Amino acid sequence: MTPLEFDQKHLWHPYTNVEKPGPTFVVKETEGMHITLDDGTKLIDAMSSWWCMMHGHRHPKITRAIHDQLDRMPHVMFGGLTHDPAIELGKALLRFAPRSMQRIFYCDSGSVSVEVAMKMAVQYQHAKGFPGRSHFATIRSGYHGDTWKAMSVCDPTTGMHHLFQGALSVQHFVDRPPIRITEAWNDDPALNGLADLRALIEANHREIAAFILEPVVQGTGGMYFYHPEYLNQARAICDEFGVLLIFDEIATGFGRTGKMFATDFCTVEPDILCLGKALTGGHISFATTMTNDRVAEGIGNGEPGIFMHGPTFMANPLACAAARASLEVLEAQDWHGTVNAIARQMTQELAPARDLPNVADVRVLGAIGVIEMKHRVSADEAHALAREVGVFLRPFGTNIYTMPPFIASPDEISKICAGMLHLARVL
């Protein structure tokens, strides 16, 4: 049995049918922009390995930080103990994050970060004397992770978890913001989505702990970019009714949109902020949930007087060291200029897709490029073409998209765009 045969017989991959696993490549090495397969083929990783490898694979500063930390202390529990990697990472996060985000809870993954945020919101409301506020409001077409509570605030109809709806908590959904980021803002609440949001929260605020959404960019829900003014005014509605505001920036954090955080498109800040994916430059799983003093102190002043969450691998020193190194790499470069250059090039080179008969839309924001088709696109069919185009792309739904590493050269961006255009023509 070959390694690939063993894989396909015994290893279950994300979102696959074990009887029909689809094209799968054996990767032998990664470096920079490239994934090297077992036959020596090099593919450009246009996905940043699910949006996390913003500095490319095996960045020397990050791998060195992990190696050095491994020699000293690969792990120690965070209950009653602390360590320099966690402290130094915390200092770095406070330099980057929105100013009000002063309390940092380290998590294992993005989905766990969302779970922690939702627990924070419920426990805060309980501490403030509102134990009935245990549900959540969110917008349709959102995606917040694969764990149980996170699934409940993913789109219940079109989302990938809709078949679990009978088992999940029932949440409150409002249509996604209708005005795109490229369009002029309309002050009419009936047309900008805020009338519906106000009606939902006003009618249900006694049972809503928080309003959770991905700011500006909906990722897995459709790569939809909406107007940030919706968030500014949503903040006021939440404040009026005592509902917390949670921003899930797991996909958008650390420069991906052209801003350090999508929050920076707004004039307001959330009560709770979820970060992950690119936090370690993609080198090891890690995430964080940040919040303001009001929420943290509110939880501490209520019953039972402690926040009820504590993962075994919380603040893992290897992950903390990797994250700190990744932030240092980001801080040392002109990431803003780099992302803007990627955006300009993708805008120009993806534009011909608008003339293809099966293309519904083409859009770019920061280092995110999307060709939206009029029909669903098969990831398996795209994978089968990877060697031909020299680029690894993984479409979902109707979207052929890329989130390239920030180290991508103009030539590599051109190859990615050419690969996307090829898929748009043949799939």
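Values reported hereafter were calculated over all heavy atoms of this structure, with side chains retained and with hydrogens, waters and symmetry mates removed. Keep in mind that this is a model prediction, so the values were computed, not measured.
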**OP:** Flag the pair Asn204 / Phe241 as yes when at least one side-chain heavy-atom distance between them is below 4.5 Å, and no otherwise.
**Re:** no
Original post:
Going through the checks in order, is the side-chain contact (heavy atoms from CB on, under 4.5 Å) test met by Tyr124 and Lys119?
Top reply: CA-CA 8 Å; Tyr124 170 82; Lys119 287 179 75 172; over 6 Å; no
Original post:
Quick one: does Leu423's side chain get under 4.5 Å of Val377's, heavy atoms only?
Top reply: no
Original post:
Quick check: are there more than 12 heavy atoms from other residues, nucleotides or ligands sitting under 6.0 Å from CZ of Arg95?
Top reply: yes
Original post:
Who passes side-chain hydrogen bond (donor to acceptor under 3.5 Å, both in side chains) against Asp239, sequence neighbours left out?
Top reply: Arg235
Original post:
Within the side chain of Ser49, is there an N or O that forms a donor-acceptor pair under 3.5 Å with the backbone of Met53?
Top reply: no
Subject >> Salt-bridge criterion met for Glu328 and Arg324 (N-O under 4.0 Å) >> reply: yes
Original post:
Does the pair Glu388 and His422 meet the rule for a side-chain hydrogen bond (donor to acceptor under 3.5 Å, both in side chains), with working shown?
Top reply: CA-CA 10 Å; Glu388 178 181 336; His422 181 70; 3.2 Å; yes
Original post:
Do the charged groups of Lys20 and Asp380 touch, with an N to O distance under 4.0 Å?
Top reply: no
Subject >> Note, Lys28 side chain near Leu37 side chain (heavy atom, < 4.5 Å) >> reply: no
Original post:
Is Arg294 close to Leu244 at the side-chain level, that is, under 4.5 Å between some pair of heavy atoms?
Top reply: yes
**OP:** Answer yes or no on whether Arg176 is positioned over the face of Tyr224, meaning its NZ or CZ is under 6.0 Å from the six-membered ring centre and within 45° of the axis.
**Re:** yes
**OP:** Using a 4.5 Å cut-off on heavy atoms from C-beta on, say whether the side chain of Ile181 contacts that of Phe265.
**Re:** yes
**OP:** Take Glu372 and Arg363 through the salt bridge (charged side-chain N to carboxylate O under 4.0 Å, His left out) test and state the conclusion after the steps.
**Re:** CA-CA 8 Å; Glu372 182 181 347; Arg363 50 190 179 269; 2.7 Å; yes
**OP:** To the nearest 0.5 Å, tell me how far Met101 CE sits from Leu275 CG.
**Re:** 10.0 Å
Original post:
Distance from His172 atom NE2 to Ile208 atom CD1, nearest 0.5 Å?
Top reply: 4.5 Å
Original post:
Just by modelled atom types, is the Thr16 backbone N or O under 3.5 Å from a matching donor or acceptor in the Trp12 side chain?
Top reply: yes
**OP:** Could you tell me whether the side chains of Asp71 and His67 share a donor-acceptor contact shorter than 3.5 Å?
**Re:** no
Subject >> Any residue meeting side-chain contact (heavy atoms from CB on, under 4.5 Å) with Ala315, in chain and number order, not counting sequence neighbours >> reply: Phe78, His83, Ala86, Tyr106, Cys320
Original post:
Can you find a side-chain donor-acceptor pair between Ser169 and Lys149 that sits under 3.5 Å?
Top reply: yes
Original post:
What residues, two or more places apart in sequence or in another chain, satisfy side-chain hydrogen bond (donor to acceptor under 3.5 Å, both in side chains) together with Thr138?
Top reply: none
Original post:
Would a 4.5 Å heavy-atom cut-off, applied to side chains only, mark Met290 and Ile272 as touching?
Top reply: no
Original post:
Donor-acceptor pair, Glu214 side chain versus Gly219 backbone, under 3.5 Å?
Top reply: yes
Original post:
Looking only at side chains, do Asp146 and Ser111 share a donor and an acceptor under 3.5 Å apart?
Top reply: no
Subject >> Exam field: side chain Gln102 to backbone Ala296, donor-acceptor pair closer than 3.5 Å >> reply: no
Original post:
Hey, mind stepping through Ser285 and Ser109 against side-chain hydrogen bond (donor to acceptor under 3.5 Å, both in side chains) and telling me if it holds?
Top reply: CA-CA 6 Å; Ser285 178; Ser109 69; 5.2 Å; no
Subject >> Donor on one side chain, acceptor on other, Gln218 and Ser141, under 3.5 Å >> reply: no
Subject >> Heavy-atom donor-acceptor pair, Ser414 side chain to Pro410 backbone, under 3.5 Å >> reply: yes
**OP:** For Asn232 and Thr267, indicate whether the former's side chain and the latter's backbone hold a donor-acceptor pair under 3.5 Å.
**Re:** yes
Original post:
Minimum heavy-atom separation for Pro156 to Arg140, with atom names?
Top reply: CG-NH1, 3.6 Å
Original post:
Strictly by modelled atom types, are Glu115 and His309 linked by a side-chain donor-acceptor pair under 3.5 Å?
Top reply: no
Subject >> Steps toward side-chain hydrogen bond (donor to acceptor under 3.5 Å, both in side chains) verdict (Asp411, Ser409) >> reply: CA-CA 5 Å; Asp411 181 61; Ser409 68; 5.1 Å; no
Original post:
Just how far is it from atom CD1 of Ile371 to atom CZ of Arg425, taken to the nearest 0.5 Å?
Top reply: 8.5 Å
Subject >> Side-chain donor/acceptor of Asn292 to backbone N/O of Ser100, under 3.5 Å >> reply: no
**OP:** For the pair Lys415 and Glu412, find out whether any cationic side-chain nitrogen is under 4.0 Å from an anionic carboxylate oxygen.
**Re:** no
Original post:
Donor-acceptor pair, Asp248 side chain versus Pro215 backbone, under 3.5 Å?
Top reply: no
Original post:
Are more than 12 heavy atoms from other residues, nucleotides or ligands located less than 6.0 Å from atom CD of Gln348?
Top reply: no
Original post:
Between atom OG1 of Thr36 and atom CZ of Phe25, what is the distance when rounded to the nearest 0.5 Å?
Top reply: 13.0 Å
Original post:
Can you tell me how far the CG atom of Leu273 sits from the CZ atom of Arg103, to the nearest 0.5 Å?
Top reply: 16.0 Å
**OP:** Kindly say whether Gly281 contributes a backbone atom to a donor-acceptor pair with the side chain of His283 at under 3.5 angstrom?
**Re:** yes
**OP:** Report the C-alpha distance between Met47 and Met403 in whole Å, list the side-chain angles of each, state the deciding distance to 0.1 Å, and finish with yes or no for side-chain contact (heavy atoms from CB on, under 4.5 Å).
**Re:** CA-CA 5 Å; Met47 312 309 296; Met403 287 194 185; over 6 Å; no
Original post:
How many angstroms lie between atom CD of Glu183 and atom CG of Asn192, to the nearest 0.5 angstrom?
Top reply: 12.0 Å
Original post:
Closest approach of Ala262 and Thr252, non-hydrogen atoms and distance?
Top reply: CB-OG1, 3.9 Å
Original post:
How about Asp45 and His34: does a side-chain donor come under 3.5 Å of a side-chain acceptor?
Top reply: no
Original post:
Do you know which two heavy atoms are closest between Phe261 and Ala97, and how far apart they sit?
Top reply: CE1-CA, 3.6 Å
Original post:
Taking side chain as C-beta onward, heavy atoms only, is Tyr143 less than 4.5 Å from Val153?
Top reply: no
Original post:
Is the backbone N or O of Ser326 less than 3.5 Å from a side-chain atom of His59, with the two atoms forming a donor-acceptor pair by type?
Top reply: no
**OP:** Before accepting this row, confirm whether a basic side-chain N of the pair Asp361/Arg180 lies closer than 4.0 Å to the acidic partner's carboxylate O.
**Re:** yes
Subject >> Non-hydrogen side-chain atoms of Phe286 and Leu318 separated by less than 4.5 Å >> reply: no
Original post:
Would Trp51 and Ile250 count as a side-chain contact (heavy atoms from CB on, under 4.5 Å) if you check the C-alpha gap in whole Å, the side-chain angles of each, and the deciding distance to 0.1 Å?
Top reply: CA-CA 9 Å; Trp51 321 347; Ile250 291 162; over 6 Å; no
